[in-house]
Amino acid sequence: MPFDKKFKIMKHISVIDLLASTAIHQEFTVKGWVRSFRANQFVALNDGSTIKNIQCVVDFENTDPALLKRITVGAAVSITGMLEESQGAGQRVEIKVKTIEIAGDADPEEVKLTILSPKRHSLEKLREQAHLRVRTNTFGAIMRLRSKLAFAVHEYFNKNGFYHAHTPIITGSDAEGAGEMFRISALDPENPPKNEDGSIDYSQDFFDKETNLTVSGQLEAETYALGLGKVYTFGPTFRAENSNTSRHLAEFWMIEPEVAFCDLDGNMDLAEDFIKYVINYALENCQDDLEFLENRLVQEDKSKPQAERATMLLRDKLKFVVENNFKRVSYTEAIDILRNSKPNKKKKFKFPIDQWGADLQSEHERYLVEKHFECPVILFDYPANIKAFYMRLNEDGKTVRAMDILFPGIGEIVGGSQREERLDVLKDKMAELDIPEEELWWYLDTRKFGTCIHSGFGLGFERLVLFATGMTNIRDVIPYPRFPGHAEF
RNA sequence: GAUAUUGUAGCUCAAUGGUAGAGCAAAGACUUGUUAAGUCUGAAGUUGUAGGUUCGAAUCCUUCCAAUAUCGCCA
């Protein structure tokens with residue numbers, strides 16, 4: 001039984017249920033926000049349950065003009081009336097209004113200064129009013145899709161025998177090496193206790209040590225994989241990097257599965273299967289929102305030169321990902337492809353590829369994904385010296401069992417690896433990179449007590465939402481984006 | 001952090017160094033089965049900021065601020 005019926009919390013029906021209802025000539029109460037009020041009688045009402053509006057027809061000749069005047073764009077209203085078949089062409093059913101109550105007024109003179117005013121607004125303008133943008137069609141669609149995708153993430157792992165591990169947000173280890181961290185402290189910033197050498201004495205802080213916001217739950221997830229077998233984390237992650245791009249955030253949500261007795265091949269299989277499941281879930285469960293976002297992109301493309309237009313519609317692009325295998329290519333093969341590529345020979349790359357061992361720049365990744373293979377690509381077996389300390393060293397002694405998944409238009413969406421399970425090799429690597437063993441004693445313990453082959457990856461949730469929605473700026477797929485200089489709202 | 005571009009009405013944009021203008025939105029009136037409704041009317045501006053060049057600056061120069069894109073770091 002639906003929650004609303006069971007607990008009688010809501011005495012009104014949602015728009016999504018009303019639009020699907022066949023209860024013609026029955027009375028309903030519906031509550032939402034006025035999207036438009038046409039011809040003094042047609043209220044387009046939206047309550048967020050779906051991108052679609054319910055049309056409510058007001059008998060304006062028998063309604064107090066003072067009340068009609070308060071039915072303005074953005075106002076919250078409660079409408080009671082009969083569900084009837086619509087005489088107009090745009091909708092199957094509509095509500096013949098019996099009573100209309102203004103729950104919350106919206107002064108048109110003030111509404112016109114906001115993005116609520118009924119016209120097209122740029123995404124930049126919407127970003128400045130992030131608290132109101134969820135009331136627009138575009139952001140309603142994006143955020144409903146984001147919510148559904150998050151649900152699909154949990155559903156996938158739950159169906160496949162994974163346990164959700166809640167790894168800490170506050171971390172006492174600063175050896176993860178995934179980026180600059182945000183320090184957290186309860187000390188008086190005006191007058192912190194000092195050591196003799198003038199540095200801040202964190203032993204007097206809340207946790208008796210220096211602590212930060214997590215940059216990754218991976219190390220903790222590894223310890224849980226080596227007990228629960230298959231685990232995943234899905235939570236906020238923080239990076240204090242001064243990154244100003246359309247695909248980086250200082251606060252983002254990361255999905256990190258970790259699996260015991262799983263090698264890199266199994267890891268790639270998991271990542272590919274997972275992504276396909278989640279994208280397919282959106283295709284099957286978010287059709288109205290995807291249709292709207294697809295049309296939005298088509299409209300946007302019309303103002304672009306032919307060469308910059310999308311070659312595939314949004315939903316076709318998603319279907320393509322679901323139905324086709326990702327191309328798996330070793331780093332060494334990728335270097336060969338790039339070295340012999342036209343842009344490399346014609347010196348079109350800003351960073352020419354000449355020898356094995358070079359880190360791939362985004363221009364190279366884009367070439368592989370968007371020009372050469374034209375599909376998602378999994379790159380694996382990277383040179384050891386450009387990757388993190390915990391990745392499994394291959395028998396060749398120079399590559400590690402790392403893999404990145406590259407998506408068209410987005411770049412790196414997944415970064416993962418088989419983890420180094422051999423205690424001596426791991427210790428040598430840490431010594432090489434000056435990572436103190438004392439910091440990670442608990443992590444090293446996993447390699448002492450019943451170590452085993454295991455693998456995992458990190459997937460940036462917002463990058464997945466970017467791909468699924470066809471949006472191009474990551475700040476538009478999270479309610480309140482955090483990036484350098486921006487923590488408003 | 002680097003580079004580039006942009007900043008004019010609520011929004012999207014015009015304006016050769018010479019009177020700041022249009023569309024949309026909003027307001028008022030009319031119309032009333034509309035689908036981003038329609039018709040008419042009036043209103044709306046310290047051209048991001050601070051300085052400079054010039055008889056004259058939205059326009060040229062400099063400072064600062066902001067936004068966006070690309071790059072680096074990554075997810």
Q: Can you list, in residue-number order, the parts of residues 354-380 of chain A that come under 4.0 Å of RNA chain B, counting heavy atoms only?
A: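 Those residues whose heavy atoms fall under 4.0 Å from RNA chain B, taken from residues 354-380 of chain A in numerical order, are A:Gln361, A:Ser362, A:Arg366.
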
Q: Expressed in whole Å, how much space separates the C1' atoms belonging to B:rU59 and B:rG17?
A: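 7 Å, rounded to whole Å.
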
Q: What's the closest nucleotide to the side chain of A:Pro108 if the choices are B:rA27, B:rA75, B:rA25?
A: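 Within the option list, the nearest is B:rA27.
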
Q: Figure out the CG/C1' separation between A:Leu113 and B:rA44, and round it to whole Å.
A: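 After rounding, the reported distance stands at 11 Å.
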
Q: For A:Tyr163 together with A:Phe157, are the ring centres under 6.0 Å from each other?
A: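 For A:Phe157 and A:Tyr163, the ring centres are not under 6.0 Å apart.
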
Q: Output the rounded distance in Å from CD (A:Glu256) to P (B:rC74).
A: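 Spelled out: CD on A:Glu256 to P on B:rC74 is 15 Å.
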
Q: Tell me whether A:Lys429 is salt-bridged to A:Glu420, with the criterion being a basic N under 4.0 Å from an acidic carboxylate O.
A: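 No, A:Lys429 and A:Glu420 are not salt-bridged.
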
Q: Indicate yes or no: does A:Asp47 engage A:Lys31 in a salt bridge with an N to O separation below 4.0 Å.
A: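 No.
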
Q: Given B:rU12, B:rU68, B:rC71, identify the nucleotide with an atom nearest to the side chain of A:Arg475.
A: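 Shortest atom-to-atom distance from the side chain points to B:rU68.
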
Q: Is a salt bridge present between A:Asp404 and A:Lys387, judged by a nitrogen-to-oxygen distance below 4.0 Å?
A: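 Counted as a salt bridge, because a side-chain N and a carboxylate O are separated by less than 4.0 Å.
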
Q: Can you tell me, in whole Å, how much space there is between the P of B:rA14 and that of B:rU6?
A: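 About 11 Å, rounded to a whole number of Å.
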
Q: What is the distance, rounded to the nearest whole Å, between atom CZ of A:Arg482 and atom C1' of B:rA75?
A: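 Roughly 19 Å, once rounded to whole Å.
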
Q: Please, which pairs that meet salt bridge (charged side-chain N to carboxylate O under 4.0 Å, His left out) have at least one residue in residues 106-126 of chain A, sequence neighbours excluded?
A: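 Checked against salt bridge (charged side-chain N to carboxylate O under 4.0 Å, His left out) - neighbours excluded - the pairs reaching residues 106-126 of chain A are A:Glu109-A:Lys112, A:Lys125-A:Glu128.
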
Q: Using a 4.0 Å heavy-atom cut-off, write out nucleotides 34-39 of chain B from 5' to 3' as B (base contacted by protein), S (sugar-phosphate only) or - (no contact).
A: BBBB--

Q: Using atom names, set out every protein N or O paired with an N or O of nucleotides 7-9 of chain B below 3.5 Å, distance rounded to 0.1 Å.
A:
none

Q: Does OP1 or OP2 of B:rA25 have a side-chain N or O of A:His121 closer than 4.0 Å?
A: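 Checking A:His121 against B:rA25: no side-chain N or O falls below 4.0 Å of OP1 or OP2.
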
Q: Starting from the 5' end of RNA chain B, give me the residue, A:Glu241 or A:Lys125, whose nearest nucleotide shows up first.
A: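 First, find each residue's nearest nucleotide; the 5'-ward one identifies A:Lys125.
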
Q: State which residues pass side-chain hydrogen bond (donor to acceptor under 3.5 Å, both in side chains) with A:Ser86; sequence neighbours excluded, sorted by chain then number.
A: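 side-chain hydrogen bond (donor to acceptor under 3.5 Å, both in side chains) list for A:Ser86, sorted by chain: A:Gln91, A:Glu94.
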
Q: Please enumerate all residues that pass ring-ring contact (aromatic ring centres under 6.0 Å, His included) together with A:Phe467, with sequence neighbours excluded.
A: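 In terms of ring-ring contact (aromatic ring centres under 6.0 Å, His included), with neighbours along the sequence ignored, A:Phe467 is linked to A:Phe407.
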
Q: Rounded to the nearest angstrom, tell me the gap between atom NZ in A:Lys112 and atom C1' in B:rA25.
A: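 It is 8 Å, rounded to the nearest whole Å.
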
Q: Select base, sugar-phosphate, or nothing to describe what A:Ser117 touches, counting heavy atoms under 4.0 Å on all strands.
A: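 Sugar-phosphate contact only.
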
Q: For A:His486 and A:Phe483, I'd like to know if the aromatic rings sit close, meaning centre-to-centre distance below 6.0 Å.
A: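 Yes - the distance between ring centres of A:His486 and A:Phe483 falls below the 6.0 Å cut-off.
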
Q: Taking salt bridge (charged side-chain N to carboxylate O under 4.0 Å, His left out) as the cut-off, I'd like each qualifying pair that reaches into residues 232-245 of chain A, sequence neighbours left out, listed once.
A: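 Salt bridge (charged side-chain N to carboxylate O under 4.0 Å, His left out) check on residues 232-245 of chain A returns no pairs.
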
Q: In terms of side-chain geometry, is the basic nitrogen of A:Arg401 or A:Asp263 positioned less than 4.0 Å from the acidic oxygen of its partner?
A: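 No, no charged N to carboxylate O under 4.0 Å.
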
Q: Taking 4.0 angstrom as the limit, do A:Arg146 and A:Glu462 come out as a salt bridge?
A: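 Yes, charged N to carboxylate O under 4.0 Å.
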
Q: Could you identify which residues of residues 400-417 of chain A place a heavy atom less than 4.0 Å from some atom of RNA chain B, listed by residue number, or say none?
A: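 When residues 400-417 of chain A is checked for heavy atoms under 4.0 Å from RNA chain B, the hits, listed by number, are A:Glu412, A:Ile413, A:Val414, A:Gly415.
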
Q: Could you tell me if the ring centre of A:His154 sits under 6.0 Å from that of A:Tyr232?
A: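 Yes: the rings meet the under 6.0 Å criterion.
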
Q: Regarding A:Glu27 and A:Thr80, is there a side-chain donor-to-acceptor distance under 3.5 Å anywhere?
A: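 A:Glu27 vs A:Thr80: no donor-acceptor pair found between side chains.
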
Q: To the nearest angstrom, how far is A:Glu110 atom CD from B:rA44 atom P?
A: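 Rounding to the nearest Å, CD of A:Glu110 and P of B:rA44 are 20 Å apart.
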
Q: Run the side-chain hydrogen bond (donor to acceptor under 3.5 Å, both in side chains) test against A:Asn62 and tell me which residues pass, sequence neighbours left out.
A: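 Partners of A:Asn62 by the side-chain hydrogen bond (donor to acceptor under 3.5 Å, both in side chains) criterion, ordered by chain and then number, come out as A:Asp59.
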
Q: Just say parallel, tilted or perpendicular for the rings of A:Phe349 and A:His364, cut-offs at 30° and 60°.
A: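 Rings of A:Phe349 and A:His364: perpendicular, over 60°.
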
Q: Apply the test salt bridge (Lys or Arg N to Asp or Glu O under 4.0 Å) to residues A:Asp354 and A:Arg339: give CA-CA distance (whole Å), side-chain angles for both, the deciding distance (0.1 Å), then the verdict.
A: CA-CA 6 Å; A:Asp354 45 4; A:Arg339 196 189 282 143; over 6 Å; no

Q: Quick one: label A:Arg239 by what it contacts on the DNA or RNA (base, sugar-phosphate, nothing), any heavy atom closer than 4.0 Å.
A: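 A:Arg239: base contact, heavy atoms under 4.0 Å.
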
Q: Have a look at A:Ile115 and say if it touches a base, only the backbone sugar-phosphate, or nothing, with a 4.0 Å heavy-atom cut-off.
A: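 Nothing: the residue A:Ile115, judged by heavy atoms under 4.0 Å, touches no strand.
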
Q: Ring centres of A:Phe461 and A:Phe234 under 6.0 Å apart?
A: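 Ring-ring flag for A:Phe461/A:Phe234: true, centres closer than 6.0 Å.
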
Q: Tell me whether the OP1 or OP2 atom of B:rU70 has a side-chain N or O from A:Arg247 closer than 4.0 Å.
A: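 Indeed not, no polar side-chain atom of A:Arg247 lies that close.
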
Q: Under the criterion of centre distance below 5.5 Å and interplanar angle below 30°, is A:Phe461 classified as stacked on the base of B:rA75?
A: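 No; by the centre-distance and plane-angle rule, A:Phe461 does not count as stacking on B:rA75.
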
Q: Please report the distance separating the P of B:rU34 from the corresponding atom of B:rA20, rounded so that it comes out in whole Å.
A: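 Each nucleotide's P atom is 44 Å from the other's.
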
Q: With a 4.0 Å cut-off, would you call A:Lys350 and A:Glu363 a salt bridge?
A: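 No, A:Lys350 and A:Glu363 are not salt-bridged.
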
Q: For A:Glu251 and B:rC74, what is the distance between atoms CD and C1' respectively, to the nearest whole Å?
A: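 Between C1' of B:rC74 and CD of A:Glu251: 17 Å.
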
Q: Which of residues 58-83 of chain A sit near RNA chain B, with a heavy atom under 4.0 Å from it?
A: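 Those residues are A:Phe60, A:Lys69.
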
Q: In which stems does RNA chain B show up, taking only runs of three or more Watson-Crick or G-U wobble pairs whose two distances fall under 3.5 Å?
A: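 Result, WC/G-U stems under 3.5 Å: B:1-7 with B:65-71, B:10-13 with B:21-24, B:27-30 with B:38-41, B:50-52 with B:60-62.
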
Q: Rounded to whole angstrom units, what separation is found between the NE2 atom of A:His248 and the P atom of B:rC71?
A: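 The answer, rounded to whole Å, is 10 Å.
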
Q: Tell me whether the OP1 or OP2 atom of B:rC73 has a side-chain N or O from A:Asn244 closer than 4.0 Å.
A: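 So the side-chain polar atoms of A:Asn244 never come under 4.0 Å of the phosphate oxygens OP1 or OP2 of B:rC73.
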
Q: In whole Å, what separates the C1' atom of B:rA43 from that of B:rC24?
A: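 16 Å, rounded to whole Å.
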
Q: Under the side-chain hydrogen bond (donor to acceptor under 3.5 Å, both in side chains) test, which residues partner A:Arg482, sequence neighbours left out?
A: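 Counting only residues at least two positions away or on another chain, A:Arg482 forms no side-chain hydrogen bond (donor to acceptor under 3.5 Å, both in side chains).
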
Q: State whether a side-chain donor-acceptor pair under 3.5 Å links A:Thr332 with A:Trp356.
A: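 Distance-only check passes for A:Thr332 and A:Trp356.
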
Q: Using the side-chain heavy atoms of A:Glu109, tell me which of these nucleotides is nearest: B:rC74, B:rG33, B:rA27.
A: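 Nearest listed nucleotide: B:rA27.
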
Q: Measuring to OP1 and OP2 of B:rA75, would you say a side-chain N or O of A:Thr237 lies under 4.0 angstrom away?
A: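 No, outside the criterion.
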
Q: Rounded to whole angstroms, how far apart are CZ on A:Phe252 and C1' on B:rC73?
A: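 Going from CZ in A:Phe252 over to C1' in B:rC73 covers 12 Å.
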
